[in-house]
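Here the structure comes first, spelled out in structure tokens, and everything after it is commentary.
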Amino acid sequence: MTLDFLNELNASQRVAVEYVDGPSLVIAGAGSGKTRVLTYKIAYLLELGLKPWSILALTFTNKAAREMRERIETLVGPERARGLWMGTFHSIFNRILRRESEKVGFTPNYTIYQPSDTKSLIKSILKELGLDEKEYKPGTVAARISEAKNALVTWRDYVNDGETYKRDTYCKMPLIGEIYKRYCERCRQANAMDFDDLLLNTYLLFKYNGETRQKYAKAFRFILVDEYQDTNFAQHQIMLQLRDEGNRICVVGDDAQSIYSFRGAKIDNILKFTHQYEGARLFKLEQNYRSTQSIVGAANSLISCNEEQIRKEVFSENEPGQPLLLNVVYSDVEEGEIVSHRIQTLHATMRLPYNQMAVLYRTNAQSRIFEEALRKKAIPYRIYGGRSFYDRKEVRDVLAYFRLIVNPNDEEAFKRIVNYPTRGIGDVTLAKVIAVATEKECGVWDVLERPKELGLEVSGGTLSKLEKFHAMIADFIRVRDDADAYVLGNRVIHESGLYAEAYRNNLPESKEMQENLSELLNGMHSFVDIQRETGNMEEAKLADYLSEVALLSDTDDRETEGKDMVTLMTVHSAKGLEFDAVFVAGMEDNLFPNAMAMNSRRELEEERRLFYVAITRAKKFCYLSCAKSRFRYGSMDFCEPSRFLKEIDKRFIRLEMKTAQKGLNRGIGGTASRFVQPVDNLRVAHSVKSAVMTSGTRRLRPIPSNHDVKTEGEVRQSLRSAAGVIRVGQHVIHERFGEGTVLSLEGTDDVAKARIRFTNMGEKTLLLKYAKLKLMD
DNA sequence: ACTAATAACATTTTT
DNA sequence: TGTTATTAGT
């Protein structure tokens, strides 16, 4: 292996990659090869002889981490990339905290609370304090607590801070500190951490355990961070804690694409990076390889209106391209029509595939109109956003059982399922159990274990119901560490009564429940299989599964990956993506920029950056549209064009006068397309994928019965795989494992597996459904 | 304990 | 307008 791959970089990318002697900041304009620099730099470090486990690479999404790993593996080979500490901030810190949990007062099996758990717990606390939910809105309280944690303010700091108290009093919520305190106590009681705690507790771990901090600071010889403009204060501080002599850290980002400050991201982290890290080198990547000159020019002129930024000159040497086209239409409906019409035209005349087109909007509510318009023309589309798979009630119920089994003191999980399916344990009993737990400062499970001792006062009948529930969970706990996640999960679904619940009647929604349950089980099955295949059978337990799903993002979706469909999504979720043609819809004042964000310059600048992100997603064509009226909250709203439109240099934008009236209802070729069946449209529900949940099917598949846990497939000579028909003796290439020969085949359909001997990696059994195999010969 | 009716609400949301 | 959460009623 040589350093030849460095030749694939341009000059500025290359210097950024090759500087490894100290801290550096890489300001990477949109489309300038930011991720490329990161991946090549990691590959370079590996080539220099750094051990994979001494490199820490942090991203914001699982998808980004996965893609980076894949790219590194192609550069240096999978075996040399193994052991890299690469993942999201949360997953890496979770990994550290699981090891060190005792030092921060948790046990290693702690639960990760989802935002919904947080909200529910806050509601309980409000009730206990006798506070009115109208004065103390749970969402607002949760946001305050989250804000505090991201600023590394513990509840003790919070209640001791007079300024904060004044501010809360001014907002008529003087008791936020008290709620924060109770919230933390209850989390501890339940052995649970929320997303913010994963950061805060990592910080506290390092702060109060010098040795531990040093251990990690020394272990990580080089730290790399992607999308640094999106880091919050906590993340930034933890990076500082991990500083070791040499300060070898490289952060990459684009201040112009900072669009998450409303969630606590501090743009200052990147703006002031070079001041905080003494001697930090600054590299700028200014050549855009993605877009035409018009698109880059338009984006540049827009962003130059922001005061707060690191000046840079992004340029493109691609073709000039056509200017941005702006359409002003009368209504939101017409906007839908004109956009879908253009999509149709681009597809028919320019031969643009649908998956190279995206409709971007500021708010999710705008999606509906486009959905309707596209469906009318039978254009396939997918929508990102909305409810994720794990937000479904039935899925959350199952996961609550899992959580309780792994961490029986998980109060929120307990609340959710103690009486579901119905067991005659009502709200009153529930409240009593929790009250005793809080009173005695123990977990809910302790109360179930020793109800009398702890003074739980319930009737004999109620007690026996609780005992029954306790016995069931205890049964599961007994096998928790032996059975694999799938086997146990399957048992839980049956023995808890959830299975019966889903199959009780024949309503359409129960059918959906059944599908979701089986999809969840499928996901667990593949999780276990993949762990087994990769030799991690010891990490295929329920706890491992839970830990992984808790931090899974839903943005990446393998199911519709590669399908030829138009993408509909918010501008926020489009960050990091690119399309040949991009439609930015709803370019009106009060919508984009959003009315809520027009109170301060800072907020307006963030909206402008958001628009910048939208434009720079386009490779060739960028269409803007703006309606004069639209329905909002049930009534007609008259709108003015967005102020941002005027900020774009006239050379790069053109107003298209064509109204939608003409030529609209005449489809290409005069076909009356409105009668075409709305086929092939998929709502992608931001659902969960990757190794844990990749089941590529929505087909109804019966849940295997209790005893039919694993079907041993008969020996076969050939099988259908994702890549085609595969047979014994076949030569294949695997993305990570390289070349190999098929030794044997077993199972069918979703459980079809191939035993393959790889030239460099030895023998492996792979699930055909997931293994990315290329067939040779 | 479940259903039906009604009130409240509604930017964006990588984990 | 459309959804979601709470509440009242059986």
Side-chain angles (χ1 to χ4, degrees), chain A residues 58-66 87-94 112-116 118-120 123 127 133-134 137-139 142-143 146 149-150 193-199 202 226-232 234-235 257-265 332 360-369 384-388 390-391 393 419-428 547-556 569-577 586 590-599 603 606-607 609-611 613-614 630-637 686 688:
Chain A
L58 297 168
T59 63
F60 277 85
T61 64
N62 293 298
K63 192 181 173 201
R66 195 173 53 238
T88 63
F89 277 93
H90 290 82
S91 70
I92 294 289
F93 294 165
N94 181 39
I112 297 171
Y113 270 179
Q114 300 295 320
S116 53
T118 296
K119 222 174 152 194
S120 152
K123 278 187 187 173
K127 202 169 258 173
E133 282 199 15
K134 272 165 202 131
K137 293 202 182 104
S146 169
K149 287 181 178 175
N150 286 160
M193 295 191 202
D194 62 27
F195 287 143
D196 301 317
D197 289 330
L198 292 175
L199 307 183
T202 301
D226 193 13
E227 308 274 22
Y228 207 76
Q229 76 280 356
D230 289 334
T231 51
N232 62 30
Q235 289 160 329
Q257 292 185 64
S258 161
I259 54 174
Y260 282 104
S261 76
F262 71 93
R263 270 179 98 268
D332 46 2
L360 309 183
Y361 33 77
R362 179 63 240 266
T363 66
N364 278 311
Q366 289 167 258
S367 68
R368 175 183 241 92
I369 301 263
Y384 283 83
R387 252 148 277 95
S388 92
Y390 287 113
D391 280 340
K393 184 192 173 296
N419 197 34
Y420 185 81
T422 318
R423 305 186 171 86
I425 301 171
D427 291 345
V428 182
S547 194
E548 192 149 338
V549 295
L551 294 173
L552 260 194
S553 122
D554 338 309
T555 349
D556 51 319
M569 62 168 97
T570 63
V571 183
H572 280 92
S573 24
K575 202 183 70 174
L577 305 177
N590 293 326
L591 182 59
F592 199 175
N594 196 279
M596 310 287 216
M598 297 216 283
N599 308 310
E603 285 176 303
E606 176 142 320
E607 292 287 302
R609 290 192 295 268
L610 193 57
F611 188 26
V613 167
R630 72 171 61 237
F631 267 97
R632 279 237 262 181
Y633 309 143
S635 60
M636 184 77 90
D637 204 26
H686 253 191
V688 178

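As the structure is a prediction and not an experimental result, all values here were calculated from the model. We name chains A, B, ... by the order of the sequence lines, and we start the count at 1 in each one. Excluded from the calculations below are hydrogen atoms, water molecules and symmetry mates; all remaining heavy atoms, backbone and side chain alike, are included.
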### Message
On DNA chain B, does the nearest nucleotide to G424(A) precede the nearest nucleotide to E606(A) from the 5' side, or the other way round? Give the residue.
### Response
G424(A)

#### Entry: Carboxylate-amine/guanidinium contact K575(A) E227(A), below 4.0 Å
yes

### Task
Taking atom C1' in both dT3(C) and dT14(B), compute the distance separating them and give it to the nearest angstrom.
25 Å

### Query
Expressed in whole Å, how much space separates the C1' atoms belonging to dT11(B) and dT6(C)?
24 Å

### Message
OP1 or OP2 of dT14(B) versus the side-chain N and O atoms of T231(A): is any pair under 4.0 Å?
### Response
no

### Query
At under 4.0 Å between heavy atoms, what does T422(A) touch on the DNA or RNA strands: base, sugar-phosphate, or nothing?
sugar-phosphate

### Query
Would you say a side-chain N or O of Y633(A) is under 4.0 Å from OP1 or OP2 of dT11(B)?
yes

#### Entry: For atom OH of Y113(A) and atom P of dT15(B), their distance in whole Å
21 Å

### Which atom of V571(A) lies closest to which atom of L610(A), heavy atoms considered
CG1-O, 3.3 Å

### Message
Looking only at side-chain N and O atoms, does S91(A) offer a donor or acceptor that is under 3.5 Å from a partner on N62(A)?
### Response
no

### Task
State whether S635(A) places a side-chain N or O below 4.0 Å from either non-bridging phosphate oxygen (OP1 or OP2) of dT1(C).
no

### Task
Look at the side-chain N and O atoms of T363(A) and state whether any lies under 4.0 Å from the OP1 or OP2 oxygen of dA10(B).
no

### Task
Mind calculating the distance between CE (M569(A)) and C1' (dT14(B)) to the nearest angstrom?
13 Å

### Task
Could you tell me whether D427(A) atom CG has more than 12 heavy atoms of other residues or ligands within 6.0 Å of it?
no

### Task
Establish, yes or no, whether a centroid distance under 6.0 Å links the rings of Y361(A) and H572(A).
no

#### Entry: Distance-minimising heavy-atom pair for D194(A) and D197(A)
OD1-N, 2.7 Å

### Distance, rounded to the nearest Å, where L551(A) contributes CG and dT15(B) contributes P
9 Å

### Summary
Here the distance between atom P of dT14(B) and atom CD of Q114(A), to the nearest Å, is 12 Å

### Message
Using a heavy-atom cut-off of 4.0 Å across all strands, would you classify F195(A) as base, sugar-phosphate, or nothing?
### Response
base

### I425(A) or T570(A), whichever maps to the more 5' nucleotide of DNA chain B
I425(A)

### Task
Check every atom of dT11(B), dT3(C), dT13(B) against the side chain of R263(A) and return the nucleotide holding the closest atom.
dT13(B)

### Message
Taking the basic N atoms (NZ, or NE/NH1/NH2) and the acidic carboxylate oxygens, is any pair closer than 4.0 Å for R263(A) and D230(A)?
### Response
no

### Query
How is Y260(A) classified with respect to the nucleic acid when contacts are heavy atoms under 4.0 Å: base, sugar-phosphate, or nothing?
base

### Message
Test your reading of the model: is there a side-chain donor-acceptor pair from N419(A) to the backbone of R423(A), 3.5 Å cut-off?
### Response
yes

### Rounded distance in Å - NZ (K393(A)) to P (dT4(C))
15 Å

### Query
Any idea if dT12(B) is syn or anti, going by the 90°-from-0 cut?
anti

### Given dT15(B), dT11(B), dT13(B), the nucleotide with the shortest approach to the side chain of E607(A)
dT11(B)

### Query
Does K123(A) put a side-chain nitrogen or oxygen below 4.0 Å from OP1 or OP2 of dT6(C)?
yes

### Query
Does dT13(B) have F262(A) stacked on its base, where the ring centres are within less than 5.5 Å and the planes differ by under 30°?
no

### Summary
Between CD1 of I259(A) and P of dT13(B) the distance, given in whole Å, is 9 Å

### Query
What is the nucleic acid contact for A550(A), judged by heavy atoms within less than 4.0 Å: base, sugar-phosphate only, or nothing?
nothing

### Query
Taking NZ, NE, NH1 and NH2 as the nitrogens, is one of them in D196(A) or K149(A) under 4.0 Å from a carboxylate oxygen of the other?
no

### Query
Is the distance from OP1 or OP2 of dT13(B) to the nearest side-chain N or O of R362(A) less than 4.0 Å?
no

### Query
So, do M193(A) and N94(A) sit near enough that their side-chain heavy atoms are less than 4.5 Å apart?
no

### Message
dA1(B), OP1 or OP2 - any side-chain N/O from N419(A) closer than 4.0 Å?
### Response
yes

### Under-4.0 Å side-chain N/O to phosphate OP1/OP2 contact, N594(A) with dT12(B)
no

### Query
For dT15(B), does OP1 or OP2 lie under 4.0 Å from any side-chain N or O of N94(A)?
no

Close N/O contacts between protein and nucleotides 7-10 of chain C (under 3.5 Å):
none

### Task
Sticking with atom P, work out how far dA5(C) lies from dT12(B), rounded to a whole angstrom.
16 Å

### Query
In whole Å, what is the span from the CE atom of M596(A) to the C1' atom of dC9(B)?
10 Å

### Message
Output the rounded distance in Å from CD (E227(A)) to C1' (dT13(B)).
### Response
15 Å

### Task
May I ask you to say what R632(A) touches in the nucleic acid, namely base, sugar-phosphate or nothing, with a heavy-atom cut-off under 4.0 Å?
nothing

### Query
Are N364(A) and dT13(B) close enough that a side-chain N or O sits under 4.0 Å from OP1 or OP2?
yes

### Task
Name the nucleic acid region contacted by K119(A), choosing base, sugar-phosphate or nothing; use a 4.0 angstrom heavy-atom cut-off, strictly under.
nothing

